[in-house]
K.L.:
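Sharing a structure below in structure tokens format, with a few things to ask.
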Amino acid sequence: MADPMRIRASVVGDATEVKVLMNHEMETGQRKDSAGKVIPAWFIQTVTATHNGKPVLAAQWGPAISKNPFLSFKFKGGAKGDKVQITWVDNRGDKRTDEATIA
Amino acid sequence: MDMHRREVLKAGGGATLYTLLAAAGFLKPGDALAQAWNKGAFEAKTLDEVVKALGGAAPAQSKDIAFVQTPDIAENGAVVPIGVSSSVPKTESIAILVEKNPNALAAVFDLPAGTEPTVSTRVKMGQSSNIHALVRADGKFYVATKEVKVTLGGCGG
């Protein structure tokens, strides 16, 4: 199981701003190790976000996203105390879900 | 629920079926939010191929798409902040492409109603390149382009 994400969700004006920092290698599959062997690709493929169980973002990522990915987006309708849940799935089938409360 | 769903699941495994449907173009990415990964689009090399793989025709240049917090010169190609904001009405999804990366497409964000058409993330760039922000709005594709210079590549070993 991968390390937890850091999620910060806060109300800005009439919208909720969500910032997420994930822990992931995001290996491209283009690099080679010291022995010249290609390091297999290992990266997050899909990211979904829900607010009180309702989807607010669905993303598909390629290996060009940086290591330990950062993501930020805004949605309308969030209120203080609501839950925001983020899930990612990588190309090995590993997944992780973390939750934050809107501040 | 109904029996049909069970049969379908039994027949081939839900995920596999979903992938096939998505690949054949029966499902648009925005239809279901827990969608399958669009392999074809992520293997495409150019903007036109990506648009095709996402199910569109030639995108129109648009001045309603802005880059936010995106540098003109990035010191470290491994971590280049890219933010895209679209004011095209009915924006449904935003994609970020790096023209000179081995595979152009970096990310696709599907935005359901209620989510503001602004996303930002960080991407890797192998070398100085044009960045395309591709927006799908009301079924049509729009694109904006910005050049980002990289002083240190992000794809080296």
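First the proteins, then the strands, lettered A, B, ... as listed; each starts at 1.
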K.L.:
Using non-hydrogen atoms and a 4.5 Å limit, figure out which bit of B:V98 sits close to chain A: side chain, backbone, both or neither.
P.N.:
neither
K.L.:
Taking B:W37 for its side chain and A:W61 for its backbone only, find out whether a donor-acceptor pair lies under 3.5 Å.
P.N.:
yes
K.L.:
Could you state whether A:M5 and A:V89 fall into the same hydrophobic cluster, counting links through intermediate Ile, Leu, Val, Met, Phe, Trp or Tyr residues with side-chain heavy atoms under 4.5 angstrom apart?
P.N.:
no
K.L.:
I'd like to know if the side chain of B:T121 reaches the main chain of A:L71, judged simply by a donor and an acceptor atom lying under 3.5 Å from each other, with no hydrogens or angles considered.
P.N.:
no
K.L.:
Give, as side chain, backbone, both or neither, the part of B:T118 having an atom under 4.5 angstrom from any heavy atom of chain A.
P.N.:
backbone
K.L.:
So does B:K39 have more than 12 non-hydrogen atoms from other groups sitting under 6.0 Å from NZ?
P.N.:
no
K.L.:
How close do B:A107 and A:I65 get, counting heavy atoms only, and between which atoms?
P.N.:
CB-CD1, 3.8 Å
K.L.:
Is the shortest side-chain heavy-atom distance between B:V119 and A:K74 below 4.5 Å?
P.N.:
no
K.L.:
Any chance you could measure B:M125, atom CE, to A:S66, atom OG, to the nearest 0.5 Å?
P.N.:
10.5 Å
K.L.:
Distance from B:N38 atom CG to A:Q45 atom CD, nearest 0.5 Å?
P.N.:
11.0 Å
K.L.:
Please classify the contact between A:I44 and chain B as side chain, backbone, both or neither, with a heavy-atom cut-off of under 4.5 Å.
P.N.:
neither
K.L.:
Report yes if some heavy atom in the side chain of A:F70 is under 4.5 Å from a heavy atom in the side chain of B:S120; otherwise report no.
P.N.:
yes
K.L.:
Answer yes or no: are there more than 12 heavy-atom neighbours, outside A:E99 itself, under 6.0 Å from its atom CD?
P.N.:
yes
K.L.:
If you apply the rule side-chain contact (heavy atoms from CB on, under 4.5 Å), what do you find for B:D110 with A:Q60, and how did you get there?
P.N.:
CA-CA 8 Å; B:D110 287 321; A:Q60 300 176 49; 4.3 Å; yes
K.L.:
Does any backbone or side-chain atom of A:K19 lie under 4.5 Å from a heavy atom of chain B? Answer side chain, backbone, both or neither.
P.N.:
neither
K.L.:
Tell me whether B:K124 contacts the main-chain N or O of A:P63 through its side chain, where contact means a donor paired with an acceptor under 3.5 Å.
P.N.:
yes
K.L.:
Among the options A:G77, A:A64, A:P69, pick out the one with the most heavy-atom pairs lying under 4.5 Å from chain B.
P.N.:
A:A64
K.L.:
Using modelled atom types only, decide if a donor and an acceptor are shared between the side chain of B:T115 and the backbone of A:L57 within a distance under 3.5 Å.
P.N.:
no
K.L.:
For a 4.5 angstrom cut-off between non-hydrogen side-chain atoms, does B:E116 reach A:F73?
P.N.:
no
K.L.:
Hey, any chance B:V68 and B:I94 share a hydrophobic cluster, counting ILVMFWY side chains that come within less than 4.5 Å of each other, even indirectly?
P.N.:
no
K.L.:
Report yes or no: do B:V79 and B:I96 belong to one cluster of Ile/Leu/Val/Met/Phe/Trp/Tyr joined by side chain heavy-atom distances under 4.5 Å?
P.N.:
no
K.L.:
Would you compute the distance between atom OG1 of A:T28 and atom CG of B:N101 and round it to the nearest 0.5 angstrom?
P.N.:
9.5 Å
